[in-house]
Asks: 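Can you keep this structure in mind? I'll have questions shortly.
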Amino acid sequence: MTAQATDAPQQALASYNFAYLDEQTKRMIRRAILKGIAIPGYQVPFASREMPMPYGWGTGGVQVTAAIIGPDDVLKVIDQGADDTTNAVSIRAFFAKTAGVATTTATPDATIIQTRHRIPETPLKAGQVLVYQVPIPEPLRFLEPRETETRKMHALEEYGLMHVKLYEDIARNGRIATTYAYPVKVEGRYVMDPSPTPKFDNPKMHQSEALQLFGAGREKRIYAIPPHTDVVSLDFEDHPFEIQHFEEPCALCGAEQVYLDEVVLDDKGGRMFVCSDTHHCESRRAEGHRGALLGDEPVFGTTPVGDKEPAI
Amino acid sequence: MTTSDTLEALAKAGIPAPEKPLLTVEKLTRVYGKRIGCADVSFDLWPGEVLAIVGESGSGKTTLLNCISSRLTPTCGTVHYRMRDGASADIYKMSEAERRYLMRTDWGFVHQNPIDGLRMTVSAGANVGERLMAVGNRHYGNIRGAAIEWLARVEIEEDRVDDQPRTFSGGMRQRLQIARNLVTEPRLVFMDEPTGGLDVSVQARLLDLLRGLVSDLGLAVIVVTHDLAVARLLSDRMIVMKEGRVIEAGLTDRVLDDPRAPYTQLLVSSILQV
């Protein structure tokens, strides 16, 4: 993953450096990334640049990707698990154009996966890098608005306040009702916001084979989880951490134990639950798994739920 | 300075004199540019003793309290605190982490305005439980149990445990703030005008409650007040400040019944008689 300043694949874009950012900026970002890897979970400040996209669209993730990407990399971009939404398509096209890299939607083929708020269902392997787009990196922000104070709390490891939030959840709802951006403790030291991923994905961060990098462009922070790092979701002894459970399998591919999106079908209360990870769903359907509502030819309600007959 | 007075009082009450003071303040001075906040203040505080700092507005009471409680760095002078292990530590030589840990375990700070000392947007139970969670308690049931127990001790009904303090009256907020501070069983509590802004009947009940808690728990308290009646009710000993300096110190009854310094005489004679 080394980028060459002179390695401009497109003559038409000669005025852009490889992967858009200039080399000095990439070096600055790489230094921040290295520091982040050295201190897992610690938010490293960096001189975030203006990117040709608005804040909130992944400027942090794009800068991290631009700093680590090389001509041999294969890039996958997902937005809430999907490869085909605006944000994912645009960022993939951006790097295809400015870096001339190969892109893919297949999780196992990718070397860099930039993600907005999901971790792919397919387990990541060594050598892969997962780049998160982070809106608000500070887990204590809504509990303590002063940045001077939250930095001090991180420095002195004063994390009692984080449990005050979880306590409030239980007091109001009878259980920990936080479902996304669920705070984690990294390698027994720093409390970290895993970006607004559903808490379903929290266990995947623990002892991951892949390197995980987090970029927050507006907030100018980078943090990291190196491979094989302990990532523990905060909880109470009598209210342990739990991930979401779904009543029914994916309506298209029949997958269980995956994170599902609810899709409203009509205005009469009709709805279906489908895999949030589109690549996972598509590859399962290609393998012949069928969900209850998958219909590529007219099906008159004869397919029972969970039937695994080959499609087509 | 007044050590002999204290020992005398303790002997009178039949309590054996402790060997060493809990807190030793020596020549504490804080200046704001050319102005004096407080100057050259020295005293000892013994375990279980209540000390009142009285004086008019601007006399340096709050500056002194903040300097002692490590909320404001003094210009010169030292504050030594006897830790639970018996060793005496200079609080300004500790690391910040140690000092903050001390503040939320062995010390308490009751603000005049409860909004400064409470989290107004989290429930009363979480307010009381925060210190427990900060020292590593991770059992929801136990934390909640302790919170309910402490709310009962400060006369707040159990069914208010999940209400936010912004729905509480002024007196309830102040009692909640006291519960929040006492839940870790501190040995030393600082209070800055704890009854300020409350009407007299609520003040009386709060003082009654404080007196009960102080004697039950054997708390050492430094209370700043401009209200001599509060000092009379709560404190064993008092120091009178004027223009940043201590002008008189002694047992509360002695100072109030037989004030020696002309300013103290003025102060005592200024109490409204109803």
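Note that the structure is predicted; figures quoted are calculated from it, not measured. The sequence lines fix the lettering, A, B, ..., with proteins before strands; numbering per chain opens at 1.
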Asks: Rounded at 0.5 Å granularity, tell me how far CG in B:Asn137 sits from CZ in A:Phe236.
Replies: 8.5 Å

Asks: Under 4.5 Å from any heavy atom of chain A, what part of B:Gln164 do you find: side chain, backbone, both or neither?
Replies: side chain

Asks: Could you go through residues 157-166 of chain A and list every donor-acceptor pair under 3.5 Å that involves a side-chain atom there, pairing it with any protein atom two or more places apart or in another chain?
Replies:
residue  : atom : partner  : partner atom : Å
A:Glu158 : OE1  : B:Arg100 : NE           : 3.2
A:Glu158 : OE1  : B:Arg100 : NH2          : 2.8
A:Glu158 : OE2  : B:Arg100 : NE           : 2.8
A:Glu158 : OE2  : B:Arg104 : NH1          : 2.8
A:Tyr159 : OH   : A:His154 : ND1          : 2.7
A:Tyr159 : OH   : A:Val191 : N            : 3.3
A:His163 : ND1  : B:Arg138 : NE           : 3.4
A:His163 : NE2  : A:Asp235 : O            : 3.1
A:His163 : NE2  : B:Arg138 : NE           : 3.2
A:Lys165 : NZ   : A:Thr178 : OG1          : 3.1

Asks: Using 30° and 60° as the class limits, which term best fits the ring planes of B:Tyr140 and A:His239: parallel, tilted or perpendicular?
Replies: perpendicular

Asks: Which distance, rounded to the nearest 0.5 Å, do you find between the OG1 of B:Thr121 and the CG of A:Leu143?
Replies: 8.5 Å

Asks: Return yes when atom CD of A:Glu262 has more than 12 non-hydrogen atoms of other residues, nucleotides or ligands closer than 6.0 Å, and no otherwise.
Replies: yes

Asks: In terms of heavy-atom proximity below 4.5 Å to chain A, should B:Arg144 be classed as side chain, backbone, both, or neither?
Replies: both

Asks: With a sphere of 6.0 Å drawn around CZ of B:Arg84, does it hold more than 12 non-hydrogen atoms of other residues, nucleotides or ligands?
Replies: yes

Asks: Hey, is CD on A:Glu248 packed in by over 12 heavy atoms from elsewhere, all under 6.0 Å?
Replies: yes

Asks: Just checking A:Glu147: does its CD atom have more than 12 heavy atoms from other residues, nucleotides or ligands closer to it than 6.0 angstrom?
Replies: yes

Asks: Of all heavy-atom pairs between A:Asp238 and B:Gly141, which one has the smallest distance, and what is that distance?
Replies: OD2-N, 2.6 Å

